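One structure below.
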Amino acid sequence: MLTIRQILADKEAIIAGLEKKHFNNARDIIESVIAIDQQRKSAQQKKDNASQQMNVLSKSIGALMAKGEREQAEQVKAQTAQLKEDVRTYESEMAQAEEEQRNLLLTIPNVPYSIVPDGATADDNLAVKTGGWQAGNGIDILCQDNDKAFAIEGASIALRDWKDEYNPTRQEELLPHWELAKKYHLIDFDLGVKIAGAGFPVYTGQGAHLQRALIQFFLDEATKAGYTEIMPPTVVNAASGYGTGQLPDKEGQMYHAEVDDLYLIPTAEVPVTNLYRDEIVDEKQLPIKMCAYTECFRREAGSYGKDVRGLNRLHEFSKIEIVRIDTPEHSAQSHREMLDHVESLLKKLELPYRILRLSGGDMSFTAALCYDFEVYSLAQQRWLEVSSTSNFDTYQANRLHCRYRDAEKKVQLAHTLNGSALALPRIMAALLENNQTQDGILIPAALRPYFGSDRIQ
RNA sequence: GGAAAGAUGGCGGAGUGGUCGAUCGCGGCGGUCUUGAAAACCGUUGACCCGCAAGGGUUCGGGGGUUCGAAUCCCUCUCUUUCCGCCA
């Protein structure tokens, strides 16, 4: 959450930022937070005053008792009654104002950075970069900046020719991944329904093997990039959910084991970032770079329709997450490095991708700046989100009480960042669909050492 | 599931009603010594809130209570550890 200090320091900028995020009644809410803060401060001043007098009297009673002057002590005691009453009154005033303020602050989203595009929906996202392989039809899609048009043109990308080594499937004969999964016995959706339910696929044979290869590949790449591998629990307590902001906002999106009051994690971000909850680290330790592979669980309540087909939207999926904790001065650089890392993965997998800078209205509640990575899926002819890489500025850190001690020994809120590197199902979908040939599904070179073969047949 | 013990500052660990925000050790920081480093020695070192400051308040797992006064006593919740049982 935002701190009251941030709000007091630059009220107008905060309001403007919240409006950019399409947060309703931003001005009114900010004004009332400030008003409550006034109440809080005045209550504290009154309370501090009374407490001080109380402390003085108590000490003098102690001194009198020590000297054996019981009668005098009793007289002073008599004076404390009213003060004691006052302290209680002011304390409850203060506590009430604090709670009111906190509750209000919790409802206020993070403020976007200035470069975040205006707009309310995904249509307003800015495609800052596209990349991937050279299209067979000759359209140059490499590294075009600010190319919103590509979203439309993408549909006409032809399949890579694989250097004429193989016989590519003709565009009109491309199968969606759920058909390919059946054809090559990679994933059994029906069995998943039988043993768990829709959205819990069963990977079999080469499908399971490819899954494992991707996990290993992503973890190796992250490790090479300097991220420390973490293997956290896949359930967390409520405190952790509040720390990273899933609670209370997205309560209904997490599986909750009520008997033990534990939540199945929707992303490794939750356990990994929470490792640093209530910690003060030394600036020299920053940036802290961690990566983790976990299963992720999402109830996806309320999302039905055709985009849930196959691997597109699941209740359980595998994801490798990268997480950083950094100083405010260096966090932008960190963000950049994370984007470069994610992009390098997509390049190595030879997938066509685009990078979107999310608009104010499309960003998550807690993010200050967020880039989505999408890969183009040839058979479905649509973009699939495979990574979301965000800087949360101090927003999460404030909730987490994640701080660092700077060179001057001052304790400051850290910045937290995280990104998917990468989420498996849609990568798998794109790999299957884009690489289908008459001779099987081809495995990109970077993945072959992990998969142990150049194709699925 | 049964039984017991415990939760104190970055860490370890004292403290069982009155200058205790808390002895001490480690770690950190500054200094002396040294060509430099180590060692030794000296000093310093919690967080949060209010205040321009001086200063004040809060804080010993969370919440409530007793008391003029609570880290210390009582109630309650949460968590941890150990032993027994079960078990990958």
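Numbered from 1 within each chain, the chains take letters A, B, ... in sequence-line order. Because the structure is predicted, anything quoted here is derived from the model rather than measured.
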(request) Would you mind reading off the distance between Gln101(A) atom CD and C50(B) atom C1', rounded to a whole angstrom? (result) 13 Å
(message) Please find the pair of heavy atoms, one from Phe451(A) and one from Ile443(A), that lie closest to each other, and give the distance.
(response) CD2-CG1, 3.7 Å
(request) Return the set of residues passing side-chain hydrogen bond (donor to acceptor under 3.5 Å, both in side chains) with His177(A) (not counting sequence neighbours), or none when no residue passes. (result) Gln380(A), Glu433(A)
(message) Test: side-chain hydrogen bond (donor to acceptor under 3.5 Å, both in side chains). Region: residues 216-225 of chain A. Which pairs qualify, not counting sequence neighbours?
(response) Asp220(A)-Tyr450(A), Glu221(A)-Lys224(A), Glu221(A)-Lys348(A)
(message) Apply side-chain hydrogen bond (donor to acceptor under 3.5 Å, both in side chains) to residues Asp372(A) and Ser388(A) and explain how you reach the verdict.
(response) CA-CA 4 Å; Asp372(A) 272 7; Ser388(A) 195; 2.8 Å; yes
(request) Return the value, rounded to whole Å, for the distance between atom NZ of Lys46(A) and atom P of G51(B). (result) 14 Å
(message) For the CD1 atom of Ile441(A) and the CG atom of Leu431(A), what is their distance to the nearest 0.5 Å?
(response) 9.5 Å
(message) Expressed as a whole number of angstroms, how long is the span from Asp278(A):CG to G10(B):P?
(response) 11 Å
Donor-acceptor list for residues 39-47 of chain A side chains, cut-off 3.5 Å, not counting sequence neighbours:
from, atom 1, to, atom 2, distance (Å)
Arg40(A), NH1, Asp37(A), OD1, 2.1
Lys41(A), NZ, Asp37(A), OD2, 3.4
Gln44(A), NE2, Asp48(A), OD2, 3.4

(request) Name the pairing partner of G85(B), where a pair is Watson-Crick or G-U wobble with both distances under 3.5 Å, or state none. (result) none
Measure all distances between protein nitrogen or oxygen atoms and nitrogen or oxygen atoms of nucleotides 71-81 of chain B, and list the pairs falling under 3.5 Å.
none

(request) Hunt down the Watson-Crick or G-U wobble partner of A7(B), both distances under 3.5 Å, from any strand shown, or write none. (result) U78(B)
(request) Report the base-pairing partner of A39(B) (Watson-Crick or G-U wobble, both distances below 3.5 angstrom), or none. (result) none
(message) Can you pull out the residues from residues 32-44 of chain A that lie within a 4.0 Å heavy-atom distance of RNA chain B?
(response) Arg40(A), Lys41(A), Gln44(A)
(request) Looking at every strand, decide which applies to Arg102(A) at a 4.0 Å heavy-atom threshold: base, sugar-phosphate, or nothing. (result) nothing
(request) Would you mind classifying the nucleic acid contact of Leu57(A) as base, sugar-phosphate or nothing, using non-hydrogen atoms under 4.0 angstrom? (result) nothing
(message) For a quick check of understanding: with a heavy-atom distance under 4.0 Å over all strands, which category does Asn55(A) fall into, base, sugar-phosphate or nothing?
(response) sugar-phosphate
(request) Return the nearest nucleotide to the side chain of Ile61(A); candidates are G69(B), G51(B), G18(B). (result) G18(B)
(message) Both Glu98(A) and Asp48(A) contact RNA chain B. Which one's nearest nucleotide lies toward the 5' end?
(response) Glu98(A)
(message) Within 90° of 0 counts as syn, otherwise anti: where does U59(B) fall?
(response) syn
(message) I'd like to check the salt bridge (Lys or Arg N to Asp or Glu O under 4.0 Å) partners of Arg27(A); sequence neighbours left out, ordered by chain and number.
(response) Glu12(A)
(message) Nearest whole Å is fine: how far is C20(B) C1' from Lys59(A) NZ?
(response) 10 Å
(message) Distance check needed: G57(B) P versus Glu91(A) CD, whole Å only.
(response) 13 Å
(request) Mind calculating the distance between CG (Leu8(A)) and P (C49(B)) to the nearest angstrom? (result) 12 Å
(message) Over all strands shown, is Lys410(A) touching base, sugar-phosphate only, or nothing at heavy-atom distances under 4.0 angstrom?
(response) nothing
(request) Sort and list the pairs that fulfil ring-ring contact (aromatic ring centres under 6.0 Å, His included) and have at least one residue in residues 392-430 of chain A, not counting sequence neighbours. (result) none
(message) Can you tell me if Arg405(A) touches the phosphate of C29(B), counting only side-chain N or O atoms and a distance under 4.0 Å to OP1 or OP2?
(response) no
Donor-acceptor contacts under 3.5 Å from residues 259-269 of chain A side chains, at least two apart:
from, atom 1, to, atom 2, distance (Å)
Asp261(A), OD1, His256(A), NE2, 2.7
Tyr263(A), OH, Glu251(A), OE2, 2.9
Thr267(A), OG1, Glu269(A), N, 3.0
Thr267(A), OG1, Lys319(A), NZ, 2.8
Glu269(A), OE1, Asn418(A), ND2, 3.4
Glu269(A), OE2, Gln396(A), NE2, 2.8
Glu269(A), OE2, Asn418(A), ND2, 3.4

(request) Decide side-chain contact (heavy atoms from CB on, under 4.5 Å) for Phe365(A) and Lys250(A); before the verdict, give the C-alpha distance in whole Å, the side-chain angles of both, and the deciding distance to 0.1 Å. (result) CA-CA 10 Å; Phe365(A) 193 78; Lys250(A) 295 181 188 162; 5.8 Å; no
(request) Return the nearest nucleotide to the side chain of Gln52(A); candidates are C68(B), G56(B), C48(B). (result) G56(B)
Dump the pairs, protein N or O against N or O of nucleotides 61-64 of chain B, anything under 3.5 Å, distances to one decimal.
none

(message) Suppose we screen for side-chain hydrogen bond (donor to acceptor under 3.5 Å, both in side chains). Which residues come up paired with Gln82(A), at least two apart in sequence or across chains?
(response) Asp86(A)
(request) Under 4.0 Å between any heavy atoms, over every strand shown, what does Ser58(A) touch: base, sugar-phosphate, or nothing? Just pick one. (result) base
(request) Just name whichever nucleotide pairs with G21(B), Watson-Crick or G-U, keeping both distances under 3.5 Å, else none. (result) none
Please output the side-chain donor-acceptor pairs of residues 52-64 of chain A that fall under 3.5 Å, not counting sequence neighbours, one pair per line with the distance.
from, atom 1, to, atom 2, distance (Å)
Asn55(A), ND2, Ser51(A), O, 3.4
Ser58(A), OG, Met54(A), O, 3.1
Ser60(A), OG, Leu57(A), O, 2.8

(request) Name the closest nucleotide to the Lys84(A) side chain, picking from G51(B), G69(B), A47(B). (result) G69(B)
(request) Give one of base, sugar-phosphate or nothing for Met94(A), where a contact means two heavy atoms less than 4.0 Å apart. (result) nothing
(request) Quickly work out the Lys47(A) NZ to G51(B) P distance and round it to whole Å. (result) 15 Å
(request) Let me know, please, whether Arg403(A) or Lys284(A) comes out on the 5' side of the other along RNA chain B by nearest nucleotide. (result) Lys284(A)
(request) Using the C1' atoms only, state how far U16(B) lies from G25(B), rounded to an integer number of Å. (result) 22 Å
(message) Partner lookup for G27(B), please. Criteria are Watson-Crick or G-U wobble with both distances under 3.5 angstrom; report none if nothing qualifies.
(response) U45(B)
(message) Between G61(B) and G12(B), how many Å separate the two P atoms, rounded to a whole number?
(response) 14 Å
(request) Output every pair passing ring-ring contact (aromatic ring centres under 6.0 Å, His included) with a member in residues 222-250 of chain A, not counting sequence neighbours, ordered by first then second residue. (result) Tyr227(A)-His341(A)
(request) Taking atom C1' in both A40(B) and A22(B), compute the distance separating them and give it to the nearest angstrom. (result) 29 Å
(message) From CD1 of Ile280(A) over to C1' of C48(B), roughly how many Å is that when rounded to an integer?
(response) 10 Å
(message) Within the 4.0 Å heavy-atom criterion, would you say Val411(A) contacts the bases, only the backbone, or no part of the nucleic acid?
(response) sugar-phosphate
(message) Could you check whether atom CD of Glu31(A) has more than 12 heavy atoms from other residues, nucleotides or ligands sitting under 6.0 Å from it?
(response) yes
